[in-house]
Amino acid sequence: MKRSYRARSRIWMVVLASATLVVTGCAGSSQGTTTDASDVTVGVVGDQNNGGEPRSGGTVSFATYNGISSLDPADRQDGGATGGSEMAAIYDLLMRFDTAAGEYVPHLAQSLSANGDNTVWTLKLRDGVTFSDGTPMDSAAVLWSIDHYLQKKGTHALVWKTTVRETNSPDPSTVVFTLAQPWDEFPIMFTTGPGMIVAPSSMATGTFTPIGAGPFTVEKFASQDELVLAARPTYWDGAPYLEKLRFPAIVNEKSKLEGLHTDGIQVAYLKSPDFIHEAFEAGDPGFVYSASMAGVLAINQRDDRAAKDERVRKAIVAAVDPTTFNERVQGGFGEPGTDMFASWSQWHGSVAGNGFDPEAAKKYLAEAKADGYDGKLTYVGMNDPATQRSALTFQSLLQAVGFTVDITYATSINDLISMLYAKHDYDVSYFAFNVLEESPFVRMYGNLFSESPSNILGYKNARMDELLGKLQTASGEDERRAVIDDIQTVVNETAPMAVVNSGKVFIPWRENVHGVMPSADGILLFGNTWLS
């Protein structure tokens, strides 16, 4: 039995299997219906019967956002778009975010409880849980796994290090975390990398071996090609119904959708609004979740870049027209806007984004050129048709106000990540912050805090750092929203990036797929999934 930790004060409205269906007779749909997800920000949508009693056997193939390069969740593999579902299948999650109820619930853990001011959190583990090699999943293993994550500087390592002051284990089934400051959303850390528990025996030979407590074990792994997982009979929650879970590396969303409709794959991860619209038109059921700042024109403002000059940054921001981008790149189906948090978000406040202003852009640029700036920028993006449209649209918008923009195309996602995160070899690039409704602090801290390794902007602002600290310790939605208003004001004044759009992610599946369990950030759990 799964017991919820604590409900948020606001429960999101979610459309489940009873989502409104409109008859259309659209090609590609087995029932000739359209999935109506227009009012859904997070939840399972579409027409799904229960399929009868669960049965064992079969393989589910899930074409995620992009193929993974490592099986270690500490290697930036812990987000929904970056290997999170794959890692959760192998290692499981200590906590899960129940998207229907809007609350954190124990999963691999038995419970997580806080003291009165949310500064001391006690994690209790289930009895008798083992890793796939038979070793115990106890408090010592949890501490080892978290330390491994921190040593390898996982995605959320800096948040953890600045938040958690002390950890201790009074007994093999208990871990106590003492925080440096109150944080009522601390459970979200256990829905991602720190909550994906890697066995200490994974490093027994000195070379990493994927050993976890999840429902599947690794059968085959070819980096950026295919991951095949086999069901684990000794899983703590019972042997999975599926025989295998497969993750083919299919990047092109058109190919994903075609594969879904021909049963070449059974689950697909879609981010492009035009293909999401096509999936809705086909009547595909699946899981929707929304994120703010799903599209951002990142501006590299390091000392060796032109955008170190605030006037250059302001010119870039004022030159970007989200509506034009939506029409040219997203088929008119996107959610354009320059506010950090769109109108649908519970964090939408009273301070608007700067907005499209080409005359202001020309003015700022003219001032920078008068002081010797040559007006040149380098745009970096992926070399595929969809992202080429993005590159050409931004080039057109920026050149319309007087910039000269050269485009450099990366040959792979790993090459792009290297250029953005390691080499910082770009001036502008279309990027996603994907700030989650359940905890806006985590992604905002990662992208905007001065010392964050995920801050590809090179943005350093003492006032922003102070506000991010206040956002973490804010008590209640009203206080949190007031801090976000202050953050929007600082963003308007300093122009670290151009917000282009919020957006939905849709993860459709075949109608014979049942029992997929969503968590935070689009991570899906397949331990109880079955095929009818």
E437 side chain to Q346 backbone, donor-acceptor under 3.5 Å: yes

T338 (side chain) donor-acceptor with G355 (main chain) under 3.5 angstrom: yes

More than 12 heavy atoms of other groups within 6.0 Å of Y149 OH: yes

T155 side chain to D78 side chain, donor-acceptor N/O pair below 3.5 angstrom: yes

Mutual orientation of the aromatic rings belonging to F449 and Y445 [parallel < 30°, tilted 30-60°, perpendicular > 60°]: parallel

Straight-line distance of I197 CD1 to I146 CD1, nearest 0.5 Å: 5.5 Å

Parallel, tilted or perpendicular: ring planes of H148 versus F208, cut at 30 and 60 degrees: parallel

V288 to A37 - nearest heavy-atom pair and separation: CG2-CB, 4.2 Å

Minimum-distance pair of heavy atoms, taken over all atoms of I188 and L436: CD1-CD1, 4.5 Å

Exceeds 12 heavy-atom contacts within 6.0 angstrom, atom OH of Y364: no

Nearest heavy-atom neighbours spanning M382 and L416: CG-CD2, 3.7 Å

Between CG on residue D75 and CD1 on residue I68, distance to nearest 0.5 Å: 10.0 Å

Any donor-acceptor N or O pair under 3.5 Å, side chains S70, D72: no

Heavy-atom side-chain contact between D371 and Y373 under 4.5 Å: no

Flag, side chain of N447 to backbone of R443, donor-acceptor distance under 3.5 Å: yes

Close side-chain approach of I316 to F403, heavy-atom, < 4.5 Å: yes

Under 3.5 Å side-chain donor-acceptor pair for T163 and Q472: yes

Mutual orientation of the aromatic rings belonging to F177 and W160 [parallel < 30°, tilted 30-60°, perpendicular > 60°]: perpendicular

Side chain to side chain contact (heavy atoms under 4.5 Å, CB included) between W121 and L112, worked out: CA-CA 7 Å; W121 293 79; L112 179 66; 3.9 Å; yes

Derivation of the salt bridge (Lys or Arg N to Asp or Glu O under 4.0 Å) call for D147 and K152: CA-CA 9 Å; D147 185 63; K152 294 198 72 174; over 6 Å; no

Closest approach of A319 to V401 (non-hydrogen atoms, all atoms of both residues): CB-CG2, 3.7 Å

Side chains of W347 and E477, donor plus acceptor under 3.5 Å: no

Reported CD-to-OG1 distance for the pair E185 and T191, which is rounded to 0.5 angstrom: 10.5 Å

Side chains of I90 and L71 in contact at under 4.5 Å (non-hydrogen atoms): yes

Polar contact flag, side-chain donor to acceptor under 3.5 angstrom, R463-N461: no

Residue pair M464 / S450, side-chain heavy-atom distance below 4.5 Å: no

Side-chain donor or acceptor of Q399 paired with backbone N/O of V405 under 3.5 Å: yes

Polar contact flag, side-chain donor to acceptor under 3.5 angstrom, T41-S290: no

Pi-cation contact, F394 with R328 (under 6.0 Å, within 45°): no

Pair D92, H107: side-chain N/O donor-acceptor within cut-off below 3.5 Å: yes

T122 vs T174, side chain to side chain contact (heavy atoms under 4.5 Å, CB included): CA-CA, chis, key distance, verdict: CA-CA 7 Å; T122 301; T174 307; 3.7 Å; yes

Sub-4.5 Å side-chain heavy-atom contact between F341 and M293: yes

Cation-pi, F275 ring and K256 (6.0 angstrom, 45 degrees): no

Minimum side-chain heavy-atom gap N118-Q181 below 4.5 Å: no

Within-4.5 Å side-chain heavy-atom neighbours: L420 and Y426: yes

Between S452 and N455, a side-chain donor and acceptor under 3.5 Å: no

Y269 and Y289 aromatic ring geometry - parallel, tilted or perpendicular at 30°/60° bounds: perpendicular

Rounded distance (nearest 0.5 Å) linking atom OH of Y104 with atom CD of E438: 5.5 Å

Proximity of H348 and W344 rings by center, below 6.0 Å: no

Centroid-centroid distance, Y379 to Y430, less than 6.0 Å: no

Closest heavy-atom pair and its distance - A342, S502: CB-OG, 3.5 Å

Side-chain donor-acceptor contact under 3.5 Å, H424 with D304: no

Residue K161 excluded, over 12 heavy atoms near NZ under 6.0 Å: yes

Lys/Arg-Asp/Glu bridge criterion (N-O < 4.0 Å) met for D425, R305: yes

Closest non-hydrogen atom pair, V176 against V120: CG1-CG1, 3.7 Å

No-hydrogen, no-angle side-chain donor-acceptor test under 3.5 Å, N383 and Q388: yes

Chi angles and distances behind the salt bridge (Lys or Arg N to Asp or Glu O under 4.0 Å) call for E479, K470: CA-CA 9 Å; E479 186 176 329; K470 289 184 177 180; over 6 Å; no

L377 side, atom CG; T404 side, atom OG1 - distance, nearest 0.5 Å: 8.5 Å

Working for side chain to side chain donor-acceptor pair (under 3.5 Å), residues S145 and Y91: CA-CA 11 Å; S145 181; Y91 304 105; over 6 Å; no

Any donor-acceptor N/O pair, K369 side chain to G402 backbone, under 3.5 Å: yes

Test item: M340 and M444 side chains (from C-beta on) under 4.5 Å apart, heavy atoms: yes

Derivation of the salt bridge (Lys or Arg N to Asp or Glu O under 4.0 Å) call for K363 and E359: CA-CA 6 Å; K363 172 182 172 291; E359 293 309 311; over 6 Å; no

Side-chain donor-acceptor contact under 3.5 Å, T489 with D485: no

Short side-chain donor-acceptor distance under 3.5 Å, S272 and Q330: no

